[in-house]
Amino acid sequence: MRGLLLALLLLLGAGPALAQSATDPVGTVRAFYAAPSTDDLRFYARVLRALYERDQREANGEVGRIGFDFRVNGQDTAKGWEKTLRLATLSAGEDRAEVQATFRNGRPQDIRYDLVREGGRWLIADVRAVTGERWGLVALLSQPLN
């Protein structure tokens, strides 16, 4: 597992530091993909972090509102999916940016990351799937826990 993570880090170009970028929204998304799980809250903007923490708290150790790895839009990953990962800035302003992640995990995926600048760093404010079954992370986390 550790070797796989290291290979993924090198492939994604995350380098030795997994810190968010102060200047490059794509750098933040690249480092987020290299993180071991979506539980790494240092990548989340204030509002998303609060929703994610609430979900974990209310789920009380069980599966919460999100039963899949939203980074890959699935519970499992196809072998070699990371080799198809492409990141691109779709828009970038002073305090907001949108990054597109395209890859193949079973079928072509298009995931959009909305980022905001907080405390001088680019942080993820929302994540959306725009192909196949469409969803938004903030909308999912805002629903009542079943």
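Note that the structure is a prediction, hence the values are computed from the model and not measured.
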Trainee: With clusters defined by side-chain heavy atoms of hydrophobic residues (ILVMFWY) lying less than 4.5 Å apart, directly or transitively, does Leu41 cluster with Ile124?
Mentor: yes

Trainee: Is Val29 close to Leu115 at the side-chain level, that is, under 4.5 Å between some pair of heavy atoms?
Mentor: yes

Trainee: Between Ala101 and Leu85, what is the shortest heavy-atom contact and its length?
Mentor: CB-CD1, 4.1 Å

Trainee: For Thr131 versus Pro108, what's the shortest heavy-atom pair and its separation?
Mentor: OG1-O, 3.8 Å

Trainee: Are any side-chain N or O atoms of Arg104 and backbone N or O atoms of Ala78, one a donor and one an acceptor, separated by less than 3.5 Å?
Mentor: no

Trainee: Quick check: closest heavy atoms across Val116 and Ala45, and the distance to 0.1 Å?
Mentor: CG2-CB, 3.6 Å

Trainee: Give every donor-acceptor pair under 3.5 Å between a side-chain atom in residues 57-74 and any protein atom, sequence neighbours left out.
Mentor:
residue	atom	partner	partner atom	Å
Glu58	OE1	Arg65	NH1	3.2
Glu58	OE1	Arg65	NH2	2.5
Arg65	NE	Gln143	O	2.5
Arg65	NH1	Asp55	OD1	2.9
Arg65	NH2	Gln143	O	3.4
Asp69	OD1	Arg71	N	3.0
Asp69	OD1	Arg71	NE	3.3
Asp69	OD2	Arg71	NH2	3.3
Arg71	NH1	Phe32	O	2.9
Arg71	NH1	Ala35	O	2.9
Asn73	OD1	Trp135	NE1	2.8
Asn73	ND2	Gln109	OE1	2.8

Trainee: What do the steps show when you test Tyr52 against Asp39 for side-chain contact (heavy atoms from CB on, under 4.5 Å), and what is the final call?
Mentor: CA-CA 8 Å; Tyr52 199 87; Asp39 292 340; 2.6 Å; yes

Trainee: Work out which heavy atom in Leu141 is nearest to a heavy atom in Arg54; give both atom names and the distance.
Mentor: O-NH2, 2.6 Å

Trainee: Give the intermediate values and the outcome of side-chain contact (heavy atoms from CB on, under 4.5 Å) for residues Val138 and Leu51.
Mentor: CA-CA 7 Å; Val138 167; Leu51 287 169; 3.9 Å; yes

Trainee: Give me the atom names and distance for the closest heavy-atom approach of Arg128 to Glu98.
Mentor: NH2-OE2, 2.7 Å

Trainee: Provide the full list of ring pair (Phe, Tyr, Trp, His ring centres under 6.0 Å) pairs with a residue in residues 97-118, sequence neighbours left out, each pair given once.
Mentor: Tyr33-Tyr113, Trp81-Phe103

Trainee: Excluding sequence neighbours, so at least two apart, what forms salt bridge (charged side-chain N to carboxylate O under 4.0 Å, His left out) with Asp126?
Mentor: none

Trainee: Please check this pair: side chain of Tyr44 against backbone of Thr38, looking for a donor-acceptor N/O pair closer than 3.5 Å.
Mentor: yes

Trainee: Apply side-chain contact (heavy atoms from CB on, under 4.5 Å) to the pair Thr28 and Arg121, showing each step before the final yes or no.
Mentor: CA-CA 9 Å; Thr28 295; Arg121 299 178 306 160; over 6 Å; no

Trainee: What residues, two or more places apart in sequence or in another chain, satisfy salt bridge (charged side-chain N to carboxylate O under 4.0 Å, His left out) together with Glu53?
Mentor: none

Trainee: Can you list the residues that meet the salt bridge (charged side-chain N to carboxylate O under 4.0 Å, His left out) rule with Arg49, with sequence neighbours excluded?
Mentor: none

Trainee: Looking at residues at least two apart in the chain, or sitting in another chain, which of them share a side chain to side chain contact (heavy atoms under 4.5 Å, CB included) with Thr102?
Mentor: Arg86, Gln100, Asp110

